[in-house]
*Asks:* 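Here it is: the structure, laid out below.
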Protein chains: 2
Amino acid sequence: MKRSHPSSTNRIVPDAPPSVPSAPLYRQVREDLIRRVLKGEWGPGAMLPSEKQLAQDYGHSQGTVRKALMQLFDEGLVIRRSGRGTFVASHAGQYKPASFHPIYDNGGARVVEDASLYVRCERIAAKERVAAGLKIAVGAGVSQILRLRRSGSRTAVVETMYLPEELCPDAYALVRRERPQSLYALLEQAYNILITDVDERVRARLVTDDEAALLEIAPQSPVLEIERTALSLGGHPVEWRTMVCETSEFYYRRS
Amino acid sequence: MKRSHPSSTNRIVPDAPPSVPSAPLYRQVREDLIRRVLKGEWGPGAMLPSEKQLAQDYGHSQGTVRKALMQLFDEGLVIRRSGRGTFVASHAGQYKPASFHPIYDNGGARVVEDASLYVRCERIAAKERVAAGLKIAVGAGVSQILRLRRSGSRTAVVETMYLPEELCPDAYALVRRERPQSLYALLEQAYNILITDVDERVRARLVTDDEAALLEIAPQSPVLEIERTALSLGGHPVEWRTMVCETSEFYYRRS
DNA sequence: CAGTGGTCTAGACCACATC
DNA sequence: ATGTGGTCTAGACCACTGA
């Protein structure tokens, strides 16, 4: 079933028409693997077949399959560990798309977040800003989740998250019941949605009175506002959130 | 970036001790190529020898050299065009490590920065915060450079940069004379120092009166402060800067 | 046309993790 | 001991570029 010198006269991987027929083999393999992950063939954290096995299955050389896997690794979809294997990325594991989340104190030491405190979880109608962020219609149903991130006795961040009802029905109730440490881990297990990328925008502004009360800081203090759109594997927005951060005791860092 | 790990029975590229002897061959080749680019062996825009030629020169296989070149391409140090060749990136500024720099207006459109305006370039003694950031002694000589980033008729950022005298002697005078668009491009051409990574920390705070005047905003406004340490190839801090950003008209984004 | 990078193969040996 | 990914080789043919 192999071809010695493919490139122009090549087959497609088993029933995968979406890819351009003339795309390089490793690209076709990459896209088929993405398709299979999306289909749920391997859930988050699951181990993929070995390079050798995949090469055999696809009928291509190991080097070709390897190139596809390395690309998926670079894109963050997959974790590869020497001697162990290749695994679908999972928020339950080490996988985290870059974000500002890590909190450091002003001395530079990393601060452990000891608590995620859920304050409110409810279903509401999307207002304009939320609708724009999620690319849904104004007034569409969304789950709104308000969470505090605490470190020691201080509250460092006030997070407000929005999930579209269409993709994540009853997420507000689920979060209220489960109170997960990681929202993205919950999205994986409950909805089989993998967040692969986040787009973040940063501003400084003055706190609102409500936020000041939650953060236990003086009114009119400056705070950092991070606005995040989280994208699933297919590139569709799944979550929109704002993080209001106190930065006199803490600072935030790219990661 | 990709994974790497040592192999054991390999030689070193011609007289290149700086690299760890046990690093993979393609890594050694990559580092030697970087060294040669920094040395000026090929200027910006110049064509590198072909893969085949380099493979012969280094005494390694074409695949190994190719892997090094592809990595340099991914890092932006080099441009590769099929059928043409491999070229050193024309603007040294093409080698841009991630930063918050890109500025967007509140509508989401990218704002072109039309001007870098140098306000002050002088030699001073490092104060505590600067010394800590550059890992040098308090009181050591540093070049202090104050620059405004303007977009249209508005000033978006006030940048204050510090370069250690030991690594970049008379940088303040050089910058005053050259007024470069990119400081890192200047570091490359004047001192053969390549910035490969930046570490950034973010805070919100109130503007000082001096900054408010430069940014033409009201006193006591909230601003974003980004503190950056720039690291050279060897991982040594070469520059420490603060960027004070106005964020009512603009916002900043990871990139 | 000759030369370049891009793709692909089929092996080899290594370091590493797990059992 | 077995199986995994990581490195490296030495070839092949392709598509594209320019003279």
Side-chain angles (χ1 to χ4, degrees), chain A residues 1-13 19-31 33 42 46-74 77-89 93-94, chain B residues 1-13 19-31 33 42 46-74 78-88:
Chain A
M1 237 64 66
K2 300 185 183 181
R3 320 245 343 138
S4 295
H5 351 289
S7 205
S8 73
T9 58
N10 47 21
R11 288 175 318 129
I12 305 296
V13 284
S19 148
V20 181
S22 61
L25 288 183
Y26 71 87
R27 198 102 191 139
Q28 297 177 38
V29 171
R30 167 184 166 274
E31 283 172 23
L33 288 172
W42 306 290
M47 182 179 170
L48 268 62
S50 71
E51 292 180 357
K52 198 173 300 185
Q53 186 59 52
L54 284 172
Q56 215 160 3
D57 295 350
Y58 282 111
H60 300 137
S61 82
Q62 188 169 341
T64 298
V65 170
R66 163 162 258 272
K67 191 159 182 178
L69 288 171
M70 282 309 274
Q71 203 161 336
L72 292 178
F73 174 72
D74 289 343
L77 226 182
V78 127
I79 304 292
R80 312 196 78 197
R81 263 174 296 186
S82 185
R84 295 262 295 113
T86 303
F87 305 83
V88 178
Q94 280 81 25
Chain B
M1 286 286 266
K2 305 198 172 172
R3 277 258 153 267
S4 67
H5 265 320
S7 73
S8 65
T9 59
N10 46 23
R11 288 177 328 147
I12 306 294
V13 284
S19 147
V20 181
S22 61
L25 287 183
Y26 71 86
R27 198 112 189 124
Q28 298 177 38
V29 171
R30 168 183 165 275
E31 283 172 24
L33 288 173
W42 308 291
M47 182 178 169
L48 269 62
S50 71
E51 293 180 357
K52 197 173 300 185
Q53 186 58 53
L54 284 172
Q56 216 160 5
D57 295 350
Y58 282 111
H60 300 137
S61 83
Q62 188 169 340
T64 298
V65 169
R66 162 162 258 271
K67 192 159 182 178
L69 287 171
M70 284 307 275
Q71 213 166 80
L72 292 178
F73 175 72
D74 289 343
V78 127
I79 304 291
R80 312 195 78 196
R81 262 173 299 188
S82 186
R84 297 262 290 114
T86 303
F87 306 83
V88 178

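Labels below follow one simple rule: chain letters A, B, ... track the order of the sequence lines, proteins then strands, and each chain is numbered from 1. Side chains included, hydrogens not; waters and symmetry mates left out as well; all remaining heavy atoms used.
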*Asks:* What's the shortest heavy-atom distance between B:Met47 and B:Gly85, and which atoms?
*Replies:*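 Minimum heavy-atom contact is CE-CA, 3.9 Å.
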
*Asks:* If only side-chain N and O atoms of A:Lys67 are considered, is one of them under 4.0 Å from the OP1 or OP2 phosphate oxygen of C:dC8?
*Replies:* no

*Asks:* Could you tell me which residues satisfy side-chain contact (heavy atoms from CB on, under 4.5 Å) with B:Arg66, sequence neighbours excluded, listed by chain and number?
*Replies:* B:Glu51, B:Met70, B:Arg80

*Asks:* Could you state the CD-P distance from B:Gln71 to D:dC8, rounded to the nearest angstrom?
*Replies:* 11 Å

*Asks:* Send over the distance from A:Asp74 CG to D:dG6 C1', rounded to a whole Å.
*Replies:*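 Those two atoms, CG and C1', are 14 Å apart.
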
*Asks:* Could you state the CD-P distance from B:Gln56 to C:dT4, rounded to the nearest angstrom?
*Replies:*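 B:Gln56 atom CD is separated from C:dT4 atom P by 11 Å.
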
*Asks:* Could you go through nucleotides 2-5 of chain D and list every protein N or O atom that sits under 3.5 Å from one of its N or O atoms, giving the distance for each pair?
*Replies:*
from	atom 1	to	atom 2	distance (Å)
D:dG3	N2	A:Gly83	O	3.1
D:dT4	O2	A:Gly83	N	3.3
D:dG5	OP1	A:Thr86	OG1	3.0
D:dG5	OP2	A:Glu51	N	3.0

*Asks:* Can you measure B:Leu54 atom CG to C:dT4 atom P for me and round it to whole angstrom units?
*Replies:* 10 Å

*Asks:* Side-chain contact, heavy-atom cut-off 4.5 Å: B:Arg27 with B:Gln71?
*Replies:* yes

*Asks:* Which residues satisfy the side-chain contact (heavy atoms from CB on, under 4.5 Å) test with A:Gln53, sequence neighbours excluded?
*Replies:*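 side-chain contact (heavy atoms from CB on, under 4.5 Å) list for A:Gln53, sorted by chain: A:Pro49, A:Ser50, A:Gln56, A:Asp57.
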
*Asks:* Within less than 4.0 Å of OP1 or OP2 of D:dC8, is there a side-chain N or O belonging to B:Tyr26?
*Replies:* no

*Asks:* Looking at every non-hydrogen atom in both residues, tell me the closest pair between B:Val65 and B:Ala55 and how far apart they are.
*Replies:* CG2-CA, 3.6 Å

*Asks:* Which nucleotide in the list C:dT7, D:dT9, C:dC8 gets nearest to the side chain of B:Ser61?
*Replies:* D:dT9

*Asks:* Looking only at side-chain N and O atoms, does A:Thr64 come under 4.0 Å of OP1 or OP2 in C:dT7?
*Replies:* no

*Asks:* By side-chain contact (heavy atoms from CB on, under 4.5 Å), which residues pair with A:Ser61, not counting sequence neighbours?
*Replies:* A:Thr64

*Asks:* To the nearest Å, how far apart are B:Arg27 CZ and D:dC8 C1'?
*Replies:*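 Computing the B:Arg27:CZ to D:dC8:C1' distance gives 16 Å.
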
*Asks:* What's the CG-P distance between A:Leu25 and C:dA10, to the nearest Å?
*Replies:* 12 Å

*Asks:* What is the distance from CE of B:Met70 to P of C:dT4, rounded to the nearest Å?
*Replies:* 17 Å

*Asks:* Which heavy atom of B:Leu54 sits nearest a heavy atom of B:Leu33, and at what distance?
*Replies:*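 Heavy atoms only, the tightest pair is CD2-CD2, 4.3 Å.
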
